[in-house]
Amino acid sequence: MKQDPLLQLQQWLDVQKACWQAILQSSDLDTSELDDLLSACRKAVTAHLPDLHSDLAEQMTTQLESFCRYGLNLLKTLNNTDTAALRSAIESLSQHLLQQLNTDFAKQWSIPEHLLQLLTNQQAQPLPGLPFIQSLFTQQQGRSQHNSLELFNAYDAFCRAFNDHLTLQTRIIDATNNQLLETLGNDPEISSLAQLHHLWIDAYEHHYALSLQDEEYQQSYGRLANAILELQLQIKRCWQEEYRSLGLVPYEDYRALLEQHHNMRRTVSTLTQRLDQLEAQLSQASNKQTSHSTQHDPVS
Amino acid sequence: MPFKLSPQRISQEISDWNQDLLQGLSTLNGIEEIDVGTAEADIIYQEDRLSLKRYTPTARTKANAKPLLIVYALVNRPYILDLQPDRSLIRGLLQEGIPVYLIDWGYPQPVDQFIDLHDYLCGYLDRCVDAVRADSNCDNVDLLGVCQGGVFSLCYTALHPDKVNNLITLVTPINFHTENNVLAHLARTIDIDLVIRSHGNMPGQLLIDAFRSLMPMNLTVRKQLNLPNQLRTRDQALNYMRMEKWVNDCPDLAGAAFSQFMALFFQQNALLGGKFQLGNKEVDLGSISQPILNIYGSKDHLVPPQASQALKGLTSSRKYEEMEIDAGHIGLFAGSRSQALLPQKIGNWVAA
């Protein structure tokens, strides 16, 4: 990255400061110009860094963008001082943080937008806290369109396990929001956005850790993980028939070949070791014989 | 409203964040490579995915010193033991004059899904031990097992007592059914055979996500919130990025071995029973008479202290010693505090 892009970013920073000043002086909090600036910054930053660091740069700039947007939204509600407004602000923070979690997760696993919406319904849920759910989202599974009884049953089991687990996740989030409300009611010295974020995360992790130790949660975790794995297996099985019909080697047959390969590799390894042992014994025996011959025929 | 968040304060906070972003990007700009595992080593044996490395001591080797073979877990990569020059258990041991060898298990491929525990312990590990004995011209070796590698080392010592001199276990789980072992509780709810039928090998990414699901917010959003602090200076950034590289570098686990390990230890808790079958061999921890040094971390949330302490009394060790270190699972051997403590302790113990 050359000096020029860094200089550009500094200039962008100065423009952003001016934009903030304008927003603060204005009565209608029009943020459209700032939104455009934030997006432009993110593109400029990630375009110029080598791939090695572009992930980290993107994480930081995306976090900054989210931070700014939440800050602006919070500004709009700060004029209202009643309890309902406070609860609304906390719930908004909760959704904002969970949305970030799910966005990262969706990017990492290339989850299509419509599927992500289906999974999170109307309220964001912490998808990475749900076991093995990422294993559903490979390209292969996305393409499968076959219906079979096993596939239908697996999908049905997945939906039930998913909904049950979401109920437990919702309890965690409700407990988190209630705890934060209580904290803010007892000790109102919150002086930064970052502090607010960390307080919510502390509360969430506390209630999440409690749930992890609960047998009901553990069983639900296992049911969901197993339902996802079974669904994945059934989707793969549907593809097997397609492969076979096209004359390609399906996974089952490939796996059988791999097993044979492994057994042969074991056999070769055992035989090689045996051969080495025999060669060592032969060499020992040969040395003994040579030594014996020398002892009895010193002239030669 | 109990917030003291004035618009000016928010504006200043976001402005500060922008400055931090700029600083972080400037720091990243100066970093070309993330180097890990840089202690010099020679590869003295290779087989399939595995390679056996030999390191040269940087201090005078004590008389009659045995070679120390480090057996790391199959989960994640062993370069965590040599993450950077000032956070390297391996370098510390070399500075104690100990000849160190390390097994790098490599990255299993789909063709390796049928490799089982018998292949690992009685095949690969045994041949590595023989290679170390031949290279060092010693009849037996000292073993240092880390986490799952400690379980392997215990089993191996029980099966081949003539080849092992001393045994050191680091953060090694013995009792997988302690109350506070959340990971084990969750693992027992998973149908492992279904995992293997579905994937072949156990995907490393699934393991990473399973660990992350123990603290989802801390390990994602909070990490990102703290990112600018981690990237203020070049040294801070490299520290952070090396650890991140390791955290996200988890090989797939050979399916059969993973399935057996989960069944034997996570589900059946076989080590506590003393004797169990491994393939066609019987493993009897009670037959182990070698000196044992069992080291664990007081803040280890993956292998709680009680899980490691259970080793006491299970063997016939003529010299059993425990050592608790004020550290977490990774911090025990990769943290800066333990660098001053651990190599010296191990060096003095093996020399005694």
Side-chain angles (χ1 to χ4, degrees), chain A residues 1 6 9-10 13 16-17 20 24 45 49 53 56-57 59-61 63-64 67-68 71 74-75 78 81 85-86 97 100-101 104 126 128-129 131-132 134-135 184-185 188-194 197 201 204-205 212-213 218-219 221-222 225-226 229-230 232-233 255 258-259 261-262 269, chain B residues 1-5 7-11 13-15 17-19 21-22 24-26 28-29 31-34 48 110-115 119 123 182 185-186 188-191 194-195 197-200 203 205-206 209-210 212-218 220-222 224-225 227-228 231 241:
Chain A
M1 188 173 174
L6 279 175
L9 284 170
Q10 183 63 61
L13 183 62
Q16 200 199 137
K17 271 187 192 163
W20 269 101
L24 292 174
V45 161
L49 274 176
H53 307 315
L56 272 178
Q59 278 180 43
M60 279 203 299
T61 48
Q63 183 59 240
L64 169 65
F67 206 71
C68 285
L74 188 62
L75 267 179
L78 276 180
T81 55
L86 175 58
L97 284 170
Q100 277 183 63
L101 191 67
D104 286 342
F132 294 21
Q134 63 283 353
S135 66
L184 293 173
E189 294 292 322
I190 307 300
S191 57
S192 72
L193 272 182
H197 280 62
I201 293 172
Y204 177 85
E205 287 292 356
L212 277 184
Q213 294 179 30
Q218 290 167 10
Q219 294 299 325
Y221 181 103
N226 294 332
L229 289 166
E230 180 65 35
Q232 196 178 18
L233 187 63
R255 194 168 180 270
L258 290 179
E259 190 168 10
H261 176 281
H262 177 71
S269 178
Chain B
M1 186 76 93
F3 292 167
K4 289 201 173 173
L5 289 173
Q8 285 75 19
R9 200 172 286 196
I10 292 180
S11 167
E13 192 177 358
I14 291 174
S15 177
W17 184 286
N18 279 301
Q19 282 298 142
L21 168 67
L22 218 53
L25 293 173
S26 178
L28 285 177
N29 194 32
I31 295 174
E32 305 253 330
E33 193 190 339
I34 305 161
D48 297 332
V111 71
D112 300 320
Q113 63 184 273
F114 297 99
I115 295 176
D119 292 322
V182 175
H185 285 304
L186 291 174
R188 280 197 292 280
T189 65
I190 309 296
D191 183 343
L194 185 51
V195 173
R197 274 185 288 135
S198 181
H199 291 281
Q205 187 60 53
L206 278 192
D209 289 321
R212 203 171 280 162
S213 75
L214 296 178
M215 288 191 279
M217 278 290 171
N218 272 345
T220 50
V221 178
R222 201 200 294 269
Q224 287 168 17
L225 285 170
L227 203 47
L231 302 179
M241 289 163 79

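- Between Tyr221(A) and Ile190(B), the shortest heavy-atom contact is CE2-CD1, 4.1 Å.
- Here the side chain of Gln232(A) pairs no donor or acceptor atom with the backbone of Ser198(B) at under 3.5 angstrom.
- A donor-acceptor contact shorter than 3.5 Å links the side chain of Asn226(A) to the backbone of Asp191(B).
- Atoms CZ and CD, on Arg188(B) and Gln219(A) in that order, are 10.5 Å from each other to the nearest 0.5 Å.
- Side-chain N or O atoms of Glu230(A) include none that pairs as donor or acceptor with a backbone N or O of Leu194(B) at under 3.5 Å.
- Glu205(A) and Asn218(B) make their closest contact through OE2-N, 2.7 Å (heavy atoms, listed as atom of the first residue, atom of the second, distance).
- Residues Glu13(B) and Ala194(A) share a closest heavy-atom pair of OE2-N, 2.8 Å.
- The side-chain hydrogen bond (donor to acceptor under 3.5 Å, both in side chains) with Gln113(B) is formed by just one residue from the set His262(A), Arg255(A), Glu259(A); it is Arg255(A).
- Between Gln213(A) and Val182(B), the shortest heavy-atom contact is CG-CG2, 4.0 Å.
- Atom CG of residue Leu97(A) and atom CG of residue Leu225(B) lie 7.0 Å apart, to the nearest 0.5 angstrom.
- In this structure, the separation between CG on Leu193(A) and CD1 on Ile10(B) is 5.0 Å, given to the nearest 0.5 Å.
- Put simply, CE on Met215(B) and CG on Leu212(A) are 10.0 Å apart, with the number rounded to the nearest 0.5 Å.
- Between the side chain of Gln218(A) and the backbone N or O of Thr189(B), no donor-acceptor pair lies under 3.5 Å.
- With a threshold of 4.5 angstrom between heavy atoms, Asp119(B) approaches chain A through side-chain atoms but not through N, CA, C or O.
- In this structure, chain A has heavy atoms under 4.5 Å from both the backbone and the side chain of Leu214(B).
- The line from NE2 of His199(B) to CG of Leu229(A) is 5.5 Å long, rounded to the nearest 0.5 Å.
- Both the backbone and the side chain of Pro110(B) have a heavy atom closer than 4.5 Å to some heavy atom of chain A.
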